[in-house]
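The figures that follow rest on heavy atoms only: side chains count, while hydrogens, waters and symmetry mates do not. Predicted model, so just to flag it, every value in this text is computed and none were measured. When a ligand or atom number is given, it counts from 1 through the structure's own listing order.
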Amino acid sequence: MSVVIGIDLGTTNSVVAMVEGGMPVVIPNEEGNRTIPSVVGIQKDGSRLVGSMAKRQIMSSPGNTAYAVKRLIGRKYKDDAVQKVAHLYPYKIAEAPNGDAYVVLNDRQYSPQEISAMILDYLRGLAEEYRGEKVTDAVITVPAYFDDTQRQATKDAGRIAGLNVLRIINEPTAAALAYGVRGKASGTVVVYDFGGGTFDITVLDVSEGVFQVRSTRGDTFLGGEDIDMRISEFLLSEFERQYGVDISDDRVVLQRVRDASEKAKIKLSTLKETEVNLPFLFADESGPKHLQAQITRAQLEQMVEDLVDQTIEHCKGALEDAGLGVKDVDELLLVGGQTKMPLVQHKVARFFGKEPNRTVHPDEAVAIGASIQAGILAGDVGDVLLLDVIPLSLGIETEGGMFTKLIERNKSVPISVTQVFTTSQDYQPMVNIHVLQGERALAKDNKSLARFELVGIPPAKRGVPKIEVTFSVDADGILAVTAKDLGTNQEKSVRIRPTSGMSEGDIEAAIREAEEYKKKDEEKREAVSLRNKAQTLIYATERSLAQFKERIPEEDAARIMEDIRNLKSALSGQDFKAIQEAFRQLEGSAVRISELVYEGG
Ligand code: AMP
């Protein structure tokens, strides 16, 4: 089997890894970075920038740059969670015809799946470049608490990117794999995973290569982003207090404030106090206005303590579900960038009564675990068995709008459950089944996954037809439904209407579009990368010219300066070939400097 990559598709950052010679390797991008910002910028002509390049254009084009779309994947626009934060994003979030949350960039709607696909495709490209071969198979991680729709949507994103998604695995389980396979661990391991957008807590039993998840809890809308938003709200209200103006509906302002908030938060992980300084944040008739504010670590902790406390409540729940107490925990692993916050480390250590294990890399453990799972599937890694669980119960709507569970949460996957349905009226030709996921008693409080219609039931008195419906959850945690008429022993046709997600037609259209843009994007990437290289070369050459002035003959210096001028002038235009030509020219003449310097000793 060819190589299979492991991808941690994160809210804030993503990481791609693979097993090589039996060891997991994290693949860096062109700039040598191992974590890739999960950011996508859409240009006016529809072409895309991904990763660091997109992150750099956030400030100049905040309305056309999407980040944190993982928070929207598999969610409805009207979800409370989405509504609560939508106004704090500098890009527009809109409602798709099926009610899903979409993002609007450069006047076009994109599903979060399409945006995620652009990130996945970029990561695949890094792996291909690194290996020098085509890569099509992947294992992608999701938060353990992702429901069926969110998992399916992540798989669809993989398909749009042209990836064959061999397995979806849970992020904490992946982190445990990264830790356990390397450390040959055994015992009860707790993985506390606080990332950019989501929080998960997972309890596992690890013994002789078997990783059995006992319980998992979490919140797919609780992460570092929420902490940043609290700081942003504080800064915006501070501005309003100082100047009496509300500036929270200006996209550029929002982006600058958000960016400064995250930076301040990260600084406060090591410093006790920091200053936020945003000159010329806003201007009106009375002139430019600057935002300046001091934030102390204590203030930040006060602002967000309730968010961290929510994670501790989930920890209690997960231990309870596993039937364990804090004393039973042998190892505590912290993953996700947000666990670098001292308040988080402090509260978690206090709750579990032990210090976390420091051998796992909080930013890379998930991707490494995904690559190990990829290695298992490719046959490169042996003697490891992963037994994951379904995070939320699955069931159907029954009499009086109640929710009846067929598969309880924390059951090991894959799992299959069968139930016999019948009709409630005489000669009823079909049965409607509403499938839901969640823990609440009333159907309406749970997430609606799909509606099924069992059609073509032969005429019979009520209660006579017997139709056996099987719910199967695969190793990815994704549900499939089949039905059989026990009278005729025939498979019944099941008409599925998923209540969310992209239709088959939408996905195929997105695949075509992704292929169409691939070439364009490649060109764009090359152009941006050439511009960056050209600017670096100009800077370095100008510096060397000044530094070694006495050792460079005048005619050489004049020629080099001429080449610098030409490259600068080419850079001010859009002609890629001209930039390429001028770059080569300067590259050639700049070599002369080092020759002269070294010749002269
Ligand atoms: P992840 O999804 O695991 O990449 O986590 C990203 C989140 O971690 C973002 O919200 C970051 O702002 C946050 N983060 C990264 N480094 C730090 C740090 N040193 N202190 C606090 N938060 C951090």
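Note that the CZ atom of Arg251 and the OG atom of Ser61 stand 10.5 Å from one another [nearest 0.5 Å].
Taking only non-hydrogen atoms, the option from Glu225, Lys340, Lys263, Glu364 nearest to atom 16 (N) of ligand 1 is Lys340. Of the listed residues (Ala365, Gly337, Ala68, Pro342), the one carrying the non-hydrogen atom nearest atom 14 (N) of ligand 1 is Gly337.
Aromatic ring centres of Phe221 and Phe199: separated by at least 6.0 Å.
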Report task. May I have the step-by-step check of side-chain contact (heavy atoms from CB on, under 4.5 Å) for Val3 and Arg131, ending in yes or no? Result -> CA-CA 9 Å; Val3 65; Arg131 287 283 293 201; 4.0 Å; yes
side-chain hydrogen bond (donor to acceptor under 3.5 Å, both in side chains) assessment of Thr311 paired with Tyr192: CA-CA 9 Å; Thr311 71; Tyr192 176 100; 2.7 Å; yes
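Annotation: Thr11 places no N or O atom under 3.5 Å from an N or O atom of ligand 1; distance criterion only.
Using modelled atom types and a 3.5 Å distance limit, the side chains of Thr12 and Glu225 yield no donor-acceptor pair. Remark: the Thr220 side chain and the Thr198 side chain contain no N/O donor-acceptor pair separated by less than 3.5 Å.
Those atoms of ligand 1 with a heavy atom of Lys265 less than 4.0 angstrom away are 9 (C), 10 (O), 11 (C), 12 (O), 13 (C), 22 (N). Those atoms of ligand 1 with a heavy atom of Gly224 less than 4.0 angstrom away are 10 (O). The ligand atoms of ligand 1 that sit less than 4.0 angstrom from a heavy atom of Gly336 are 3 (O). Every atom of ligand 1 is numbered from 1 in the order shown, and the set under 4.0 Å from a heavy atom of Glu262 is 9 (C), 11 (C), 12 (O).
The nearest heavy-atom contact from the protein to atom 20 (N) of ligand 1 is Ser269 OG, 2.6 Å.
The shell of residues lying under 4.0 angstrom from ligand 1, judged by heavy atoms, includes Ile266.
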